[in-house]
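Inspection log for the structure reproduced underneath, given as structure tokens.
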Amino acid sequence: MSREGLNRLPMYVSVVIGLTLSILPLPHWLDVSRPDVLAIVVLYWAIMVPRAGGITLAFASGLALDAFKG
């Protein structure tokens, strides 16, 4: 794996964790106060590393969220 790929590993791991937290089923009373974790993670990476976490990351994570939520 290239050095650039190793630098992006924390970004990919945090996006997968954010996706998991976004699709995790919760009781209704707790579900109404759940933040959109995936959007927060993608926004963080878009601000911190604009070249690596930009439009492509947002598009791919949104597509994955739509696929998992149906």
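Everything numeric here is computed off the predicted structure, so don't read it as measured data. Scope of the values below: all heavy atoms of this structure, side chains included, with no hydrogens, waters or symmetry mates.
L9 and L57 fall within the same hydrophobic cluster, where Ile, Leu, Val, Met, Phe, Trp and Tyr residues are linked whenever their side-chain heavy atoms come under 4.5 Å apart, directly or through other members. The same ILVMFWY cluster, assembled from side-chain heavy atoms under 4.5 Å apart, contains both L38 and I17. Following chains of ILVMFWY side-chain contacts shorter than 4.5 Å, one cannot reach L24 starting from V41, and the two form parts of different hydrophobic clusters. Hydrophobic clustering (ILVMFWY, side-chain heavy atoms < 4.5 Å, transitive): L63 and V16 are in distinct clusters. Using a 4.5 Å cut-off between side-chain heavy atoms of Ile, Leu, Val, Met, Phe, Trp and Tyr, with links allowed through other members, L21 and V32 fall into different hydrophobic clusters.
Partners of I40 under the side chain to side chain contact (heavy atoms under 4.5 Å, CB included) rule, at least two apart in sequence or in another chain, are P35. Residues that satisfy the side chain to side chain contact (heavy atoms under 4.5 Å, CB included) test with L43, not counting sequence neighbours, are I47. Residues passing the side chain to side chain contact (heavy atoms under 4.5 Å, CB included) test with A52, sequence neighbours excluded: R8, M11, V49.
For residues 23-38, the set of pairs meeting the side-chain hydrogen bond (donor to acceptor under 3.5 Å, both in side chains) definition, not counting sequence neighbours, comprises D31-R34. Applying the side-chain hydrogen bond (donor to acceptor under 3.5 Å, both in side chains) test to pairs two or more places apart or on separate chains, those with a residue in residues 41-50 are S14-W45. For residues 39-54, no residue pair satisfies the salt bridge (charged side-chain N to carboxylate O under 4.0 Å, His left out) rule, not counting sequence neighbours. Listed by first and then second residue, the salt bridge (charged side-chain N to carboxylate O under 4.0 Å, His left out) pairs involving residues 55-70 amount to none (not counting sequence neighbours).
The two residues V37 and G18 come nearest to each other via the heavy atoms CG1-CA, 3.8 Å.
Side-chain contact check for S61 versus L19: every heavy-atom pair is 4.5 Å or farther apart.
Under a 4.5 Å side-chain heavy-atom cut-off, the cluster of Ile, Leu, Val, Met, Phe, Trp and Tyr residues that includes I55 has no other member.
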